[in-house]
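See below for the structure under consideration.
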Amino acid sequence: MTRAGKWVADHLVLGAGLMVLLYLLTPIFVVVLMSFNDPASRIGYSFDGFTLDNWRQPCLPNGLCESVVLSVEIAMMATFFATILGTLMAFALVRHRFRGRSGVNVMTFLPMASPEIVMGSSLLALFVSSGLAGALGFWTILVAHILFCLSFVVVTVKARLAGLDPRLEQAAMDLYANETQTFRKVTFPLVFPGILAAALLSFSLSFDDFIITNLNAGQEVTFPMYVWGAAQRGIPPQINVVGTAMFFLALALVVAGEVRARRASRV
Amino acid sequence: MSAASLLSTTPVASASKRGASRTAYILLLLPLLWLFVFFVIPLVSLVSTSLYDPAGSLETGYAMTGHVQNYVSVLADYRSHILRSFAYAAAATIACIVLGYPLAYAIAFKAGRWKNLMLVAVIAPFFTSFLIRTLSWQMLLGDQAWFADALRFVHILGPDGHLLATPFAVVTGLTYNFLPFMVLPLYTSLEKVDPRLMEAGSDLYASPITTFAKVTLPLSMPGLVAGTLLTFIPAAGDYINAELLGNPRTQMIGNVIQNLFEGGSYPEAAALSVTLMAVIVVMVLVYIRRAGTEELL
């Protein structure tokens, strides 16, 4: 191939990749844009005029802020429990050989491989058949969220643990650290970024879940359920304010993490 | 033994094999109990709900009559929804491969110092809500949007043609929502490919296309298989895109299950749910065997 031909071929793939990225990012621009929308009517979804009012009064639509608070509460609790349970499981799977290990591996993989609607409806079937149909609400949502976050925590922490150099821990032991000291000073700090990543992933999965939550929520309304309800009645622009705020908060966290990691690797 | 020492027991440091496996069981006790009570038992209770006599209701209770008839009737009533779900999911998965492969390839081999930035861009959609992003497509595909205008201008779309509320819109939404799940495993696989293998291919007079087909593509198979499963499975069970971007004739199996549950028809909803799960399990097993990557599980 000629040099010019190679240049074109090289940049063709990159160009195609960038086009696909544009497809992925376009809806985010729409969310940011619509957070400044001054809608002409409640029905229809088009940009009618620029205003800052939505940002000044994000809690104006009835129930919006309550739903965000509920989602944050559930996401925090689900993250806490799923991260602990999943980390224990990841340690067992990576650090120990035991009978039934492959079975346990399949068990952690299965919830990720089942469609949300199946997981949600089986939980509902359980709650209903154990007479909890009337008790659907905060606690049933929490149980469901811990369940689907758990597998993702196991996978994330496992990846981090499997990538650890075992010689670091051996070195600590050689230097007369006992097991507790080795864990606290060497193992845990090394695994911590994986646990943190798993916690962030859990939080966003929980905060964003709709299909499973919708089946098991009873009368509670989480943020995604609020959005769903609004989509049927007309979407208040404040929903996009929440979406935009979430986006920049998460982006800031990821960028901060990246900067820290770079600084640490330079030292 | 303190909790910390339970976790720190390395294979090397463990005193005895039996002690190590006992530690493993202690660590696994709570998580496995959770998975058993809230994943395995619910699946069992889903199957048993699907066999209840549909004459009952939540208030009066259901009679367990081993009513296999539920399956016959949901398969007869909702066959088109089932077929449609798998057709849409397949179309979205293929679209994800076509769009995701070049992107993953570009990030792995062509991005240079922009690699991390591009990876952040791939996961950026997750930073904001799935539902709000899907709603954005209502605007992007709407009749007033420039995209529909452009297609009308080049006569791909008739003067009265719509994009929104069509199968095209539903598949676009599904593709969009699950694309990162294709790109990330593909990227992970491609990243591990040694570029020298590709150079060797061209040194041996293979054309770039032959090198790709004989070297790069086979080496990226694990990522492709994982990506296909991660897009196809959730897409087949999704009902959000069909509801927000489609019309009543584009409803998928998820819409039906959700509507049946809301309407209180638990046995039928459960039967349909079990059917969906069973079809997916069979398809996944056949697919993995065909693709020859059993180590994936």
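Numbered from 1 within each chain, the chains take letters A, B, ... in sequence-line order.
With respect to chain A, the highest number of heavy-atom pairs below 4.5 Å among B/Tyr105, B/Tyr239, B/Trp114 belongs to B/Tyr239.
With a 4.5 Å cut-off on side-chain heavy atoms, A/Trp228 and B/Leu244 count as touching. Counting heavy atoms from C-beta outward, A/Pro111 and B/Phe39 have side chains that approach closer than 4.5 Å. Side-chain contact check for A/Asp208 versus B/Arg133: some heavy-atom pair is nearer than 4.5 Å. Proximity of B/Met277 to A/Ser114: side-chain heavy atoms (C-beta onward) are separated by under 4.5 Å at one or more points. Within the 4.5 Å cutoff, side-chain heavy atoms of B/Val40 are placed close to those of A/Met107. Contact check for B/Thr23 versus A/Arg95: no side-chain heavy atoms found under the 4.5 Å cut-off.
Of the two parts of B/Asn177, neither the backbone nor the side chain holds a non-hydrogen atom closer than 4.5 Å to a non-hydrogen atom of chain A. If you measure heavy-atom distances from B/Phe38 to chain A, the contacts under 4.5 Å come from both the backbone and the side chain. For A/Leu249, no part lies near chain B; criterion is any non-hydrogen pair under 4.5 Å. Interface remark: A/Val254 contributes side-chain atoms only to the contact with chain B (heavy atom separation under 4.5 Å). Interface residue A/Val118: backbone and side-chain heavy atoms are both found under 4.5 Å from chain B. For a residue to count as touching a neighbouring chain, one of its non-hydrogen atoms must lie under 4.5 Å from one of that chain's; by this rule B/Pro125 touches chain A with backbone and side chain alike. For A/Ser129, the part lying near chain B is the side chain, with the backbone staying farther off; criterion is any non-hydrogen pair under 4.5 Å. B/Thr175 touches chain A through backbone and side chain together, each having a heavy atom under 4.5 Å away. Residue A/Leu110 touches chain B through both its backbone and its side chain, counting heavy-atom pairs closer than 4.5 Å. Residue A/Gln232 touches chain B through its side chain alone, counting heavy-atom pairs closer than 4.5 Å. Heavy atoms closer than 4.5 Å to chain B are found nowhere in A/Arg101, neither backbone nor side chain. Only the side chain of A/Leu150 has a heavy atom closer than 4.5 Å to any heavy atom of chain B. In this structure, chain B has a heavy atom under 4.5 Å from the side chain of A/Met34, while its backbone stays farther away. Using a 4.5 Å cut-off between heavy atoms, A/Phe188 does not touch chain B at all. No part of B/Ile253 comes within reach of chain A, as not one of its non-hydrogen atoms sits under 4.5 angstrom from that chain. Contact of B/Leu140 with chain A is made through the side chain alone, with heavy-atom distances under 4.5 Å. Proximity to chain B is limited to the side chain of A/Met119, based on heavy atoms less than 4.5 angstrom apart. Contact of B/Gln258 with chain A is made through backbone and side chain together, with heavy-atom distances under 4.5 Å.
Of all heavy-atom pairs spanning A/Leu126 and B/Val37, the tightest one is CD2-O, 3.8 Å. A pairwise comparison of heavy atoms in B/Leu103 and A/Leu21 identifies CD1-CG, 3.8 Å as the closest pair. Scanning both residues, A/Ala231 and B/Leu135, for their nearest heavy atoms gives CB-CD2, 3.8 Å. Looking at every heavy atom in both residues, A/Ile117 comes nearest to B/Gly237 through CG2-O, 3.6 Å. Minimum interatomic distance between B/Ala121 and A/Leu25 (heavy atoms only, all atoms of both residues): O-CD2, 3.6 Å. The two atoms that bring B/Pro31 and A/Leu85 nearest to each other are CG-O, 3.3 Å, heavy atoms only.
Contacts with chain A (heavy atom to heavy atom, under 4.5 Å) involve these residues of residues 266-274 of chain B, listed by number: B/Tyr266, B/Ser273.
Ring geometry for B/Phe127 versus A/Phe247: interplanar angle of 30 to 60°, hence tilted.
In this structure, B/Tyr25 has its ring center under 6.0 Å from that of A/Phe98. For A/Tyr23 and B/Trp137, the gap between ring centers is short of 6.0 Å.
Distance check, rounded to the nearest 0.5 Å: CZ of A/Phe207 to OG of B/Ser129 gives 7.5 Å. Atom NZ of residue B/Lys110 and atom CG of residue A/Leu12 lie 10.0 Å apart, to the nearest 0.5 angstrom. Note: A/Leu124 CG to B/Ile257 CD1 = 12.0 Å, rounded to the nearest 0.5 Å. Taking CE from A/Met89 and CG from B/Leu29, the interatomic distance works out to 11.0 Å, rounded to the nearest 0.5 Å. Interatomic distance, A/Leu93 CG to B/Leu28 CG, rounded to the nearest 0.5 Å: 6.0 Å.
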Any chance you could lay out the side chain to side chain contact (heavy atoms under 4.5 Å, CB included) test for B/Ile132 and A/Phe223, step after step, and finish with the verdict? CA-CA 11 Å; B/Ile132 303 183; A/Phe223 177 64; 3.8 Å; yes
Evaluate side chain to side chain contact (heavy atoms under 4.5 Å, CB included) for B/Leu131 paired with A/Met225, printing each intermediate quantity in order. CA-CA 9 Å; B/Leu131 280 169; A/Met225 290 172 71; over 6 Å; no
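B/Thr128 contributes a side-chain N or O that, together with a main-chain N or O of A/Gly243, makes up a donor-acceptor pair within less than 3.5 Å.
B/Lys115 pairs by the salt bridge (Lys or Arg N to Asp or Glu O under 4.0 Å) definition with B/Glu191, not counting sequence neighbours.
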